[in-house]
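Notes for the one structure printed next.
Everything quoted here is computed from the prediction, not taken from an experiment.
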Amino acid sequence: QVQLVESGGGLVQAGGSLTLSCVASGSIFDINDMSWHRQAPGKQRELVAAISKGGSANYADSVKGRFTISRDNTNNKIYLHLSSLKPEDTAVYYCNADVRRYNRNMYLPYWGQGTQVTVSS
């Protein structure tokens, strides 16, 4: 079993900042790419930022320069620092990890349960 648990969401005013965390636990042999996604009401889930095991990051155009993704490979953690927040950033934020379990030969995607971020105007 593999579990991803997010934390750090909440209510923040426009222009404010927030840091989300996600930790992966369980029968983990290795983790490849990790990422953050978000889903606003009535909209499809979208990729926000992704980071490779080596630390290479990429971002959605809508968050470039405002959000920063980072990871702690030793502790199987991923972070997302959100700054200069806008009301349109309001969404449930999900972390995702490509995990190879022990005694498995492939990487499979796992998702967290999500954490709500609400930005008030």
Using distance alone, with no hydrogens and no angle criterion, decide if H81 and S83 have a side-chain donor and acceptor under 3.5 Å apart. no
Between R38 and Y93: side-chain donor-acceptor atoms closer than 3.5 Å: yes
Transitively linked via ILVMFWY side-chain contacts under 4.5 Å: [X] with [Y]?
X	Y	value
V92	F67	no
M34	V5	no
Y110	Y94	no
Y79	L4	no

Looking only at atom types and distance, does a side-chain atom of R71 sit under 3.5 Å from a main-chain N or O of D33, one as donor and one as acceptor? no
Main chain of G114, side chain of E6: is a donor-acceptor contact present, judged purely on distance under 3.5 Å?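 Flag set: sc E6 to bb G114 pair under 3.5 Å.
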Would you indicate whether the side-chain heavy atoms of I31 and N73 approach each other to under 4.5 Å? no
Is there a side-chain contact between R66 and Y59, using heavy atoms and a 4.5 Å cut-off?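 A side-chain contact is absent here, since even the closest heavy-atom pair is not under 4.5 Å.
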If you round to the nearest 0.5 Å, how far is [atom2] of [Y] from [atom1] of [X]?
X	Y	atom1	atom2	answer
I69	S52	CD1	OG	9.5 Å
Q116	L11	CD	CG	9.5 Å
Q113	Q3	CD	CD	9.5 Å
M106	D98	CE	CG	12.5 Å
L47	W36	CG	CH2	12.5 Å
N58	K64	CG	NZ	8.0 Å

Per the side chain to side chain contact (heavy atoms under 4.5 Å, CB included) rule, which among N96, I51, D72 passes with I78? I51
Grab the two heavy atoms, one from L80 and one from A49, that are nearest each other, plus how far apart they are.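 Scanning both residues, the minimum pair turns out to be CD1-CB, 4.2 Å.
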For A14 against S121, the heavy-atom pair lying closest together: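 Minimum heavy-atom separation between A14 and S121: CB-CA, 4.3 Å.
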Salt bridge check, D89 against K86: does any charged N sit closer than 4.0 Å to a carboxylate O? no
Run the side chain to side chain contact (heavy atoms under 4.5 Å, CB included) test on Q13 and L85 for me, step by step, so that the C-alpha distance in whole Å, both residues' side-chain angles and the decisive distance to 0.1 Å come before the verdict. CA-CA 8 Å; Q13 288 189 332; L85 281 162; over 6 Å; no
Derivation and outcome, side chain to side chain donor-acceptor pair (under 3.5 Å), residues R101 and N103: CA-CA 6 Å; R101 296 174 59 186; N103 301 318; over 6 Å; no
Should the pair Y102 and F29 be assigned to parallel (<30°), tilted (30 to 60°) or perpendicular (>60°) ring geometry?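 Perpendicular.
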Going through the checks in order, is the side chain to side chain contact (heavy atoms under 4.5 Å, CB included) test met by D30 and Y107? CA-CA 8 Å; D30 188 43; Y107 290 83; 2.5 Å; yes
Taking it one step at a time, do E88 and V119 satisfy side chain to side chain contact (heavy atoms under 4.5 Å, CB included)? CA-CA 8 Å; E88 51 262 44; V119 184; over 6 Å; no
